[in-house]
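Structure record follows, encoded as structure tokens.
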2 protein chains.
Amino acid sequence: MKVKSNDEMPGHLARRFQQIATAVFLSETTAAGYDLTPVQYAALSAIKLHPEIDQITLAGLIAYDRTTITGVVDRLVEKGLIIRTASSRDRRSRELTLTARGEEVLAGVTPAVEAAQQMMLRGLSQTEAAQLMRLLRKVIDDANDLSRAPYKPLPSR
Amino acid sequence: MKVKSNDEMPGHLARRFQQIATAVFLSETTAAGYDLTPVQYAALSAIKLHPEIDQITLAGLIAYDRTTITGVVDRLVEKGLIIRTASSRDRRSRELTLTARGEEVLAGVTPAVEAAQQMMLRGLSQTEAAQLMRLLRKVIDDANDLSRAPYKPLPSR
DNA sequence: CTAGATTGATCAGCATACTGAAGATCATTA
DNA sequence: TAATGATCTTCAGTATGCTGATCAATCTAG
């Protein structure tokens, strides 16, 4: 049987890239004095853009699984970065909003996050980096509904 | 503060692509009647190529963390796909080798794995797919030492 | 040859991710 | 309006991944 090299497997390359992206993110943000995971940062910035968002809508915006978001939100609440209150319109759902400290942390850590995005692409030229991101967006967009946690844009109200 | 869209974050794109790759892998291999994770498949095929490999070398070949490999190997042993024996040369290390059933499973599941690799790139043309993989290889190669579990080629003996 | 450094494996602890199920609540329709 | 279905959240269970520590075995320098 012919065995394919890992380098020929897009799935393997995906795992490696994500592994590196996470390591660089944590290294940069830790060096800047913050204690946030990539996932927590994405949630935080989505909540800033959409105050009083419920968990399901948040999960759709950043393509998280609905069961994963529960723990992420728990930890953000524990850290005092967001508050979770029962919705008055729909008592099933919880509304998420940044605290003042959440605003501070988000603003403070963002430069380190930007630096991380640069560093993880350091092997590529500007043109290549743009090309990679274009191709990733295309492939992700086309395969969006193949995972249990697809991206779902904000419902228009 | 200007907040960047997720689409402009390579780290976010990395997570999404990996999420999709895993989902497609599991969907295809499950449909083919197998119960293997992407990580278990990679380990299995590396062990086939390098019988009697020790765990640290295996981890380096597929860029796993050394502490993660323990559990993965545990589960492959439980499933009867590999055997783990104490090395006679170095009593600290364990030698891993496929069982007959491991060989069968690897051979049997491989078509589904190949199909998954095609499906996760279904939004791209042949040219674009090759381009994406080239750029991913380049970025990963250059940032290899930025994660705790870098790729380490087989030591020449 | 032996003290100190290194290495292979494992462990505890934490944080994603997913499957499938449950409970509470809401919406719709007969 | 009452029954039915859908939705929001959470939970138990499993599998990566990582940090930092420990233990046993090996290697190396003085």
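Each chain gets a letter, A, B and so on, in the order its sequence line appears, and its residues count up from 1.
Rounding to whole angstrom units, CG of residue A:Leu76 and P of C:dA15 are separated by 11 Å. Nucleotide D:dC18 holds its C1' atom 15 Å from the CZ atom of A:Phe25, rounded to whole Å. Spacing between atom CG of A:Leu58 and atom P of D:dC8 amounts to 13 Å, rounded to whole angstrom units. Rounded to whole angstrom, the span from the CD atom of A:Gln40 across to the P atom of C:dC14 amounts to 14 Å. For A:Glu78 and C:dC14, the CD to C1' distance is 11 Å, given to the nearest whole Å. A straight line from CZ of B:Phe17 to P of C:dA17 spans 16 Å, rounded to a whole angstrom. As a whole-Å value, the separation of B:Tyr64 OH from C:dT10 C1' is 18 Å. One can place CD of B:Glu95 at 14 Å from C1' of C:dA9, the figure rounded to the nearest angstrom.
For A:Asp65, the side-chain atoms get nearest to C:dC18 when compared with the rest of C:dC18, D:dC18, C:dT25. Out of C:dT16, D:dA21, C:dC18, the shortest distance to the side chain of A:Val72 is found at C:dT16. Looking at the side chain of A:Arg84, the nearest of the listed nucleotides D:dT10, D:dA15, C:dA17 is D:dT10. Nearest to the side chain of B:Thr68, among D:dC8, C:dT10, D:dC18, sits D:dC18. Here the side chain of A:Gln55 is nearest to one of C:dC26, D:dT9, C:dA9, namely D:dT9.
At the heavy-atom level, B:Arg94 lies under 4.0 Å from the strands shown only through sugar-phosphate atoms. Using a 4.0 Å heavy-atom criterion, one finds that A:Ala149 contacts the sugar-phosphate atoms exclusively. Residue contacts for A:Asp90: at a heavy-atom cut-off of 4.0 Å it reaches the sugar-phosphate backbone alone, with no base atom in range. Backbone-only contact: B:Thr37 has heavy atoms under 4.0 Å from sugar-phosphate atoms and none from a base. Note on B:Ser93: only backbone sugar-phosphate atoms sit closer than 4.0 angstrom, heavy atoms only; bases stay farther off. Counting any heavy atom pair closer than 4.0 Å across all strands shown, B:Thr67 reaches a base atom.
When atom types are taken as modelled, the side chain of B:Ser87 and the backbone of B:Ser93 share no donor-acceptor pair closer than 3.5 angstrom. Side chain of B:Ser45 to main chain of B:Ala42: a donor-acceptor pair is present (N/O by atom type, distance under 3.5 Å, no hydrogens or angles). Side chain of B:Tyr41 to backbone of B:Val109: no donor-acceptor contact under 3.5 angstrom is found. A donor-acceptor pair under 3.5 Å links the side-chain atoms of A:Arg122 to the main chain of B:Asp142, judged by distance alone.
Between A:Thr70 and B:Arg75, it is A:Thr70 whose nearest contact on DNA chain D lies nearer the 5' terminus. Of the residues near DNA chain D, B:Lys79 and A:Asp74, the one whose nearest nucleotide (by heavy atom distance) lies more toward the 5' end is A:Asp74. Residue order along DNA chain C, read from the 5' end via each residue's closest nucleotide, puts B:Ile56 first among A:Gly71 and B:Ile56. Between B:Ile69 and A:Ser147, the residue whose closest nucleotide on DNA chain C is further toward the 5' end is B:Ile69.
Salt bridge annotation for A:Asp74-A:Arg94: absent, with no cationic side-chain nitrogen under 4.0 angstrom from a carboxylate oxygen.
The phosphate of D:dC27 (OP1 or OP2) has no side-chain N or O of B:Arg89 nearer than 4.0 angstrom. Taking side-chain N and O atoms only, A:Gln19 has a distance below 4.0 Å to OP1 or OP2 of D:dC18. Here B:Gln18 does not reach the OP1 or OP2 of C:dT16: none of its side-chain N or O atoms lies under 4.0 Å away. Contact annotation: B:Arg66 does not reach the phosphate of C:dT10 (side-chain N/O to OP1 or OP2, under 4.0 Å).
By the 6.0 Å contact criterion, CG on B:Asp90 is enclosed, its count of non-hydrogen atoms from other residues, nucleotides or ligands being greater than 12. The 12-atom threshold is exceeded at CZ of B:Arg134, counting heavy atoms of other residues, nucleotides or ligands nearer than 6.0 Å.
In the interface, the side chain of A:Arg92 is paired with the base of D:dT7 through a donor and an acceptor atom under 3.5 Å apart.
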